[in-house]
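For reference, the structure discussed in these notes is given below.
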Number of protein chains: 2
Amino acid sequence: MRIGELAKKAQVSRDTIRFYERHGLIRSDVDEAAGNGYRIYPEDAAMTLEVIRDAQAAGLSIADITVFMGQLAAQTDADFDVQGFLDGKIAEVTARLDGAQRFLTLLERTKVALAKAPQDGLDEVRKAGAGNGNRTRN
Amino acid sequence: MRIGELAKKAQVSRDTIRFYERHGLIRSDVDEAAGNGYRIYPEDAAMTLEVIRDAQAAGLSIADITVFMGQLAAQTDADFDVQGFLDGKIAEVTARLDGAQRFLTLLERTKVALAKAPQDGLDEVRKAGAGNGNRTRN
DNA sequence: CAAAACCGTTGACAATGGTCCATGGTTTAT
DNA sequence: ATAAACCATGGACCATTGTCAACGGTTTTG
């Protein structure tokens, strides 16, 4: 499919797709049949873009995602510690997920407290504070 | 406490603290007693820094966090739709959390698959694809 | 067929979140 | 008392993640 269709399907801009492509996250081939220089993107590209979105939500950088995609595509690099890389990322993402979850709880508590007592009454929230959204460490 | 102590306690650089302060996320007062220009940070600043970390993990921008902190500090702004803001952020964070969770699942599946079949055998993972980490939409 | 919509490439621009450096003063440890 | 460690301020600098503009060609549509 052409870039415009993909962009619409995946809800990202054409420029973003090109940006990802420049960084090796997506690939396309020039349509040799039609002699225009147009590029054709594989069907699964839309799915790839979803994975990228999720990976970004998980806090991975473009560089990280590129590595991960490389492994998914079986670019077996020999002497690159995939398990190490994956373990590292799993740990990072888990930590980030915990933090995000904690913050979501705080947001929700704030909302309730603020709805209840429009002017004040946030002290409970403030006291509960940073911690305590199922915290384990500390 | 002084900036160095806070930095150590919260595991961020002094520069980062100053950066946050410039953006209104943290505040400090000049120590008037001691006539040096040194600044004193309140005890709860370390906790604030933890909240900031969590909020960032949840994908909020510094600007967003500033607004949120303002509300927590009861900077009641009148005619600012706090509930709307909170609802919006809760929705955003929830979505991000879902995406991150999905990606974490993918990471874990990849790890297992790759451990099992060092050379290939990623097709199962690839086929399961983007979706399917408890997805609701689509 | 003409206008509108699309495509490619290149390179500049921008916002975000920090980090680093220079300068000059203060405190603490030896 | 002197060096090492700390502090403040200001501004330059950096990577990341896109976005936009310009230019020229192609396809689609009315």
Side-chain angles (χ1 to χ4, degrees), chain A residues 1-42 45 48-49 51-69 89 92 96 99-100 103, chain B residues 1-42 45 48-69 89 92 96 99 103:
Chain A
M1 93 189 90
R2 300 200 303 210
I3 197 172
E5 192 186 341
L6 176 58
K8 187 164 295 180
K9 204 170 280 187
Q11 297 272 68
V12 298
S13 74
R14 288 184 189 76
D15 278 331
T16 297
I17 292 174
R18 295 198 180 105
F19 172 78
Y20 289 164
E21 195 166 359
R22 275 202 298 287
H23 286 76
L25 284 176
I26 288 264
R27 62 190 58 247
S28 66
D29 314 283
V30 173
D31 187 339
E32 301 289 10
N36 55 17
Y38 289 19
R39 305 190 146 276
I40 296 297
Y41 292 82
T48 302
L49 288 171
V51 174
I52 294 172
R53 201 197 308 287
D54 287 349
Q56 283 183 316
L60 271 80
S61 69
I62 296 293
D64 284 343
I65 302 173
T66 303
V67 172
F68 176 71
M69 293 305 205
K89 289 308 156 191
E92 275 178 30
R96 208 131 36 202
F103 185 72
Chain B
M1 92 190 90
R2 300 201 302 211
I3 197 171
E5 194 188 340
L6 177 58
K8 187 164 294 179
K9 204 170 280 187
Q11 298 271 70
V12 299
S13 75
R14 289 183 189 74
D15 278 332
T16 297
I17 292 174
R18 296 197 180 106
F19 173 79
Y20 289 164
E21 196 165 357
R22 275 202 297 288
H23 285 76
L25 284 175
I26 289 261
R27 61 190 61 246
S28 67
D29 313 283
V30 173
D31 187 339
E32 301 289 8
N36 55 15
Y38 290 17
R39 304 189 145 277
I40 297 297
Y41 292 82
T48 302
L49 288 171
E50 278 189 44
V51 174
I52 294 172
R53 203 199 306 289
D54 286 351
Q56 284 183 316
L60 271 80
S61 69
I62 296 294
D64 283 342
I65 302 174
T66 302
V67 172
F68 177 71
M69 292 304 205
K89 290 308 156 192
E92 275 177 30
R96 208 131 37 203
F103 184 71

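By convention in this document, chain letters (A, B, ...) are assigned in the order of the sequence lines, proteins followed by strands, and residues within each chain are numbered from 1.
- Of all non-hydrogen atoms in A:Gly4 and A:Arg14, the two that sit nearest each other are CA-NE, 4.1 Å.
- In this structure, A:Asn36 reaches the D:dT27 phosphate: one of its side-chain N or O atoms is under 4.0 Å from OP1 or OP2.
- Proximity of A:Tyr20 to A:Thr48: side-chain heavy atoms (C-beta onward) are nowhere separated by under 4.5 Å.
- Rounded to an integer number of Å, the gap from CG of B:Leu25 to P of C:dT16 is 13 Å.
- Under the 4.5 Å side-chain criterion, counting only non-hydrogen atoms from C-beta, A:Gln56 is in contact with A:Ile65.
- Considering only heavy atoms from C-beta on, A:Met1 stays 4.5 Å or farther from A:Ile40 through its side chain.
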**Fill in**
Readout for nucleotides 5-17 of chain D: B = base within 4.0 Å of protein heavy atom, S = sugar-phosphate only, - = neither; 5' to 3' it is -BSBB-------B
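- Distances shown here put every side-chain N or O of B:Thr16 at or beyond 4.0 Å from the OP1 or OP2 atom of C:dG17.
- Salt bridge annotation for B:Lys89-B:Glu92: present, with a cationic side-chain nitrogen under 4.0 angstrom from a carboxylate oxygen.
- For B:Phe19, the side chain to side chain contact (heavy atoms under 4.5 Å, CB included) partners at least two apart in sequence or on another chain are B:Arg22, B:His23, B:Ile62.
- When the P atom of C:dG8 is taken as reference, atom CG of A:Leu6 falls 11 Å away, rounded to whole Å.
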